[in-house]
Amino acid sequence: MELPGGRSYPVLVGPGAVGELASVVPTGVRRVAVVTQDSVPVEVDPGVEYRVFRIGDGETAKSLSTVEELCSAFAGWGLTRADAVVGVGGGVVTDVAGFAAASYHRGLPVVHVATTLLAQIDAAIGGKTGVNLPEGKNLVGAFWQPAAVVCDTTVLETLPEREMACGLGEMAKYHFLGGGDLGGGDPGSGEMAGGDPGGLTLEQRVARCVQIKAEVVAADEREAGRRAVLNYGHTLGHALETTGRYDLRHGEAVAVGLVYAAELALSLGRIDDERVAEHRRVVDGYGLSGSLPAGSDPDELMAAMGRDKKAIDGLTFVLDGPSGVEVVPGVDAGVVRATIEAVR
Ligand code: GLY
């Protein structure tokens with residue numbers, strides 16, 4: 001992963017990659033605080049003295065109080081700037097461990113061992129760390145680039161089906177961010193739910209997504225512009241998640257959001273029917289639904305989309321178009337509302 005200013009860090013992708021952890025812990029680090037959860041079935045050896053610190057499961061654990069408890073525990077163990085943090089888990093762990101590492105003693109190196117598909121292709125890459133507030137998701141955080149990321153694809157073999165689906169929703173997004181050949185072309189007829197969609201192994205698909213994300217982040221590390229395209233499908237997706245009534249996981253919500261974004265781009269004359277059909281095929285191909293959950297309330301979704309972090313100038317969406325996927329501010333609320341019907 002290349003960053004401005006000549007900075008870079010390795011992202012190891014492959015079966016058994018966790019065995020290489022010691023080789024990417026920065027040279028000279030004396031001790032490592034391993035941050036993980038009881039539910040993460042992965043053991044690591046960072047190659048130096050280490051202690052394991054466990055945090056709770058789920059989005060509720062992604063809180064300032066978890067970071068406070070973690071940093072107190074670091075202090076209790078006497079963690080210093082000569083040491084490092086290793087986060088072992090999915091997005092909750094990498095976000096919390098990364099933010100604790102960014103904050104404790106004003107910054108320690110962090111290495112992420114990403115154990116879910118979602119973390120491997122998104123959360124662990126690119127340096128976004130942070131926690132939720134009662135007022136919303138990811139409202140407090142820091143950009144803190146890891147020293148390295150380890151994506152062991154063997155670990156994904158035991159991932160619960162729903163957790164895998166969550167990652168596949170994010171993977172679907174990359175098809176429209178330059179990964180058109182992801183999986184060897186249109187996955188419509190393939191068995192995508194974790195299988196081989198047409199030529200590429202899971203390892204190759206993870207590596208391709210990491211490469212696309214790395215290119216976007218390299219061009220806009222702190223999301224001044226282009227990086228926001230990584231939120232393709234997320235405006236409606238986040239609205240479905242934050243209204244909290246639909247029991248959808250992040251990737252499942254993003255899948256609906258991708259189809260909605262395509263329908264919205266069609267309504268705005270930015271893409272044609274065939275391109276919308278392509279979005280639907282990709283989402284279907286991953287075994288995900290592109291339709292709103294039963295009982296969805298358009299007023300509630302409109303209100304939530306208006307509160308989106310991107311919505312600085314009216315309703316803002318990431319939309320496909322003649323120049324590819326880009327951020328589009330000031331989208332007409334009437335069109336946004338009417339298009340909700342297209343994904344019912
Ligand atoms: N998950 C979006 C980003 O890293 O920018």
Side-chain angles (χ1 to χ4, degrees), residues 1-4 7-9 11 13 59 62 87 89-99 101-102 110 112 114-132 136-146 148-149 151 163 166-179 182 206-242 248-258 261 308-312 316-320 324-328:
M1 161 100 217
E2 304 291 332
L3 289 164
R7 293 169 298 144
S8 69
Y9 56 87
V11 181
V13 180
E59 284 291 319
K62 234 179 88 168
V92 170
V93 169
T94 60
D95 278 9
V96 168
F99 188 46
V110 63
H112 295 309
T115 63
T116 64
L117 179 59
L118 182 74
Q120 294 189 358
I121 64 174
D122 188 35
I125 312 289
K128 277 191 183 174
T129 72
V131 296
N132 304 327
K137 282 186 69 166
N138 301 329
L139 292 188
V140 177
F143 288 101
W144 190 248
Q145 296 294 345
V149 181
C151 303
E163 190 63 56
C166 205
L168 292 172
E170 284 290 344
M171 190 174 271
K173 161 189 97 176
Y174 287 104
H175 283 256
F176 305 98
L177 299 179
L182 194 59
V206 169
R208 179 76 184 118
C209 294
V210 167
Q211 184 189 20
I212 295 169
K213 177 150 189 185
E215 283 164 11
V216 173
V217 173
D220 178 22
E221 185 183 357
R222 288 180 171 247
E223 200 166 300
R226 172 91 190 133
R227 182 166 178 164
V229 302
L230 294 169
N231 288 326
Y232 190 39
H234 285 55
T235 311
L236 181 67
H238 278 155
L240 286 165
E241 282 182 279
T242 56
L248 285 184
R249 300 288 300 276
H250 178 69
E252 294 167 333
V254 168
V256 183
L258 286 170
D308 188 88
K309 282 207 286 296
K310 291 185 298 305
I312 292 165
T316 300
F317 284 84
V318 179
L319 294 175
D320 200 3
V325 173
E326 60 188 357
V327 179
V328 181

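In each ligand, atom 1 is the first atom listed, and ligand 1 is the first ligand listed. The structure presented is a predicted model; accordingly, all values stated were derived computationally and were not measured.
The nearest protein atom to atom 4 (O) of ligand 1, hydrogens excluded, is given as Lys213 NZ, 2.5 Å; this is a heavy-atom distance. From the protein, the heavy atom lying nearest to atom 5 (O) of ligand 1 is Arg227 NE, 2.7 Å.
A heavy-atom distance below 4.5 Å is found between the side chains of Asn132 and Asn138.
Residue contacts with ligand 1: Asn231 is placed with no nitrogen or oxygen under 3.5 Å of a nitrogen or oxygen of the ligand (distance criterion only).
Taking the six-membered ring for Trp and thresholds of 30 and 60 degrees, His250 and His238 have ring planes inclined between 30 and 60 degrees apart.
Side-chain contact of Glu170 with His234: a donor-acceptor pair under 3.5 Å is present, judged by distance alone.
Within ligand 1, the atoms closer than 4.0 Å to a non-hydrogen atom of Glu223 are 5 (O), numbered from 1 in the order shown. Within ligand 1, counting atoms from 1 as listed, the ones closer than 4.0 Å to a heavy atom of Leu230 are 2 (C), 3 (C), 5 (O).
Between Arg7 and Glu221 a salt bridge is recorded (basic side-chain N to carboxylate O distance below 4.0 Å).
Within 6.0 Å of CZ on Arg226 lie no more than 12 heavy atoms contributed by other residues, nucleotides or ligands.
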